[in-house]
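Written out below as structure tokens is the structure these notes cover.
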Amino acid sequence: MSTLAPRREPAAVSLTPVFVRLKLSLIRNGLKGSSKRKAAYVSSLVFALVVAFFTTLGLAMLHGNAHAGTVVVLLAAILALGWAFMPLFFPTGDETLDPSRLVMLPLRPRPLVRALFASSLVGIGPVFTLCLAAGSAIAVARGPVGALAAVLAAPLLLLGCVALARAVATANVRLLTSRKGRDLAVLSGLLIAVGGQAANFGSQRLFQSGGLTQLEPAEAVVRWLPPATAVGMVDSASEGSYGVAAAQLALTLAALALLLWSWERSLTKLMVSPDGSTLAVAESAASGKAERDGGFWSLMPGGRTGAAMRRTLRYAVRDPKTKSAWVTALAIGVIVPVANALQGTGSLYLACFGAGMLGIQMYNQFGQDTSAFWMVAQTISTPRDAFVELRARSYALALVTVPYTVLLTVVTAALVGNWRDFPAATGLALALLGSMLCTGALASARFPYSIPSDGAFKNVAPGQAGLAWIGIFGGMLTSALICSPVIALTIYADVADQRFLAGLLLPLGAGWGVLATWAGLRLAAPTVARKLPEILVAVSKG
């Protein structure tokens, strides 16, 4: 009689090496079949390594400097902020940021956290961060205890940054994969622009008021905020404050454990909780958001003009790229004159910068419709139809841009304390706005191009960059020429101190802007009607 051998249970397979190999495979497979992708990845890797090398070298050269601790602690905080929020603005940069793709697999949260954590340490970002962490630790490490603390601090800073990024990304994964997330990614350009202006303003104020000494109070607070506490620990240990260093080390480890726990909890909730796409959404009168006629929209005129105005304004609210262009123009238009006024270098005529930023929104009007323009094209058969369509679009822009321009001029005049030139500056801004609406209509008719729907920063279809440059920059130069009579009168009124003429420049500038807009629409309408098939092909290439 034969005996049956005891059945052996299969050995449990560790997820960590599997996910690390998966991350490497994703990187490797993403480079296959496309020389452009390979070139982009290799160039990004080389650039990151070069920047990391020189940044690390520069940080190491701070060794012994009195302000080294201030610099590296604040740098660690900036690194942590970057790791925490960059995935929210660039969710497509790492496909493994979306753990909802693993919900159908029989995986437990804790092993999955370990595996995802290890795979997150593979890539350009972690290498770059580790180099900066090492340079920061070297900058403040002194003595054997400080060197030992530096050995611990560099990996702890990296682990804290990665855990923070994962915890925030998992908690907001529904946002990252939704339309709001895509809107957030597109609007990241606004954050960069605003941040750049804020950094410029802050640096100027910093070097005008005593240098890095002004940052010491902020550094004293930040050194107790994980994961910057890892670098603060090195500085404290180097100064002989071993109790403080031990407290900062304990705080760093506790924060890391808390982030991992929070990440595991969010991951568990994500893996077992259904989202809105799997549930029947009950309609209720209290929570319904269906649009109804009335309110703001009731102010629109009837017929084709009102319909085109509604379409244009709704694109500005709903379409991510159109919304990005509008919000960025509105924000930067305010930042430049206001920031300069706050620094004491402002001029009332910088308000014209805001008018110019908004005037650019008139360019490539048909390309903004993307492939939906064919529906509009069905309704255009004569130059009159084209004129009404373009006129309605300019009305929609003017509904926002004219009050904005006047209000911006008022704010700038109040900040710089120059109400005497307010009429001239407002008239010049309105004339410039009208001139750009004129050239924008002409550029839309003669140099249309497609705006791809994919990619937050792809604003021109391949092969059409020349059309975009010609239309925008050619139009801007032409706008300056159209507006030159008003510019000349403004300069003359200021040099000759002609107050009466300066007062007349407000109605003259506004009238000039209206006349320029009307002329541009009249000249562009026949071209649109004649070249409608070419425009339709050009804007549909993306």
Expected output: side-chain T379 to main-chain M375 donor-acceptor under 3.5 Å: no
Who pairs with F473 by ring pair (Phe, Tyr, Trp, His ring centres under 6.0 Å), at least two apart in sequence or on another chain? W469
Kindly write out the residues that satisfy side chain to side chain contact (heavy atoms under 4.5 Å, CB included) with V46, not counting sequence neighbours, or none if the list is empty. V42, V50
Kindly write out the residues that satisfy side chain to side chain contact (heavy atoms under 4.5 Å, CB included) with Y395, not counting sequence neighbours, or none if the list is empty. T305, M309, R391
List for me each residue that meets ring pair (Phe, Tyr, Trp, His ring centres under 6.0 Å) alongside Y363, sequence neighbours excluded, and say none if there are none. none
For a quick test of your reading: what N or O donor-acceptor pairs under 3.5 Å do the side chains of residues 510-524 make, sequence neighbours left out?
from, atom 1, to, atom 2, distance (Å)
W512, NE1, I482, O, 3.0
T517, OG1, G434, O, 3.2
T517, OG1, G513, O, 2.8

Rounded at 0.5 Å granularity, tell me how far OG1 in T312 sits from CE in M362. 8.5 Å
Who passes side chain to side chain donor-acceptor pair (under 3.5 Å) against D385, sequence neighbours left out? S381, T382
Nearest-0.5 Å distance, OG1 of residue T405 to CG of residue L432: 8.5 Å
Rounded to the nearest 0.5 Å, what separation is found between the CG atom of L506 and the CG atom of L430? 7.0 Å
Rounded to the nearest 0.5 Å, the CG atom of L477 sits from the CD1 atom of I472 at a distance of 12.0 Å
Please confirm whether the backbone N or O of Q365 pairs with a side-chain atom of S444, one donor and one acceptor, at under 3.5 Å? yes
N/O donor-acceptor pair under 3.5 Å between T322 side chain and A316 backbone: no
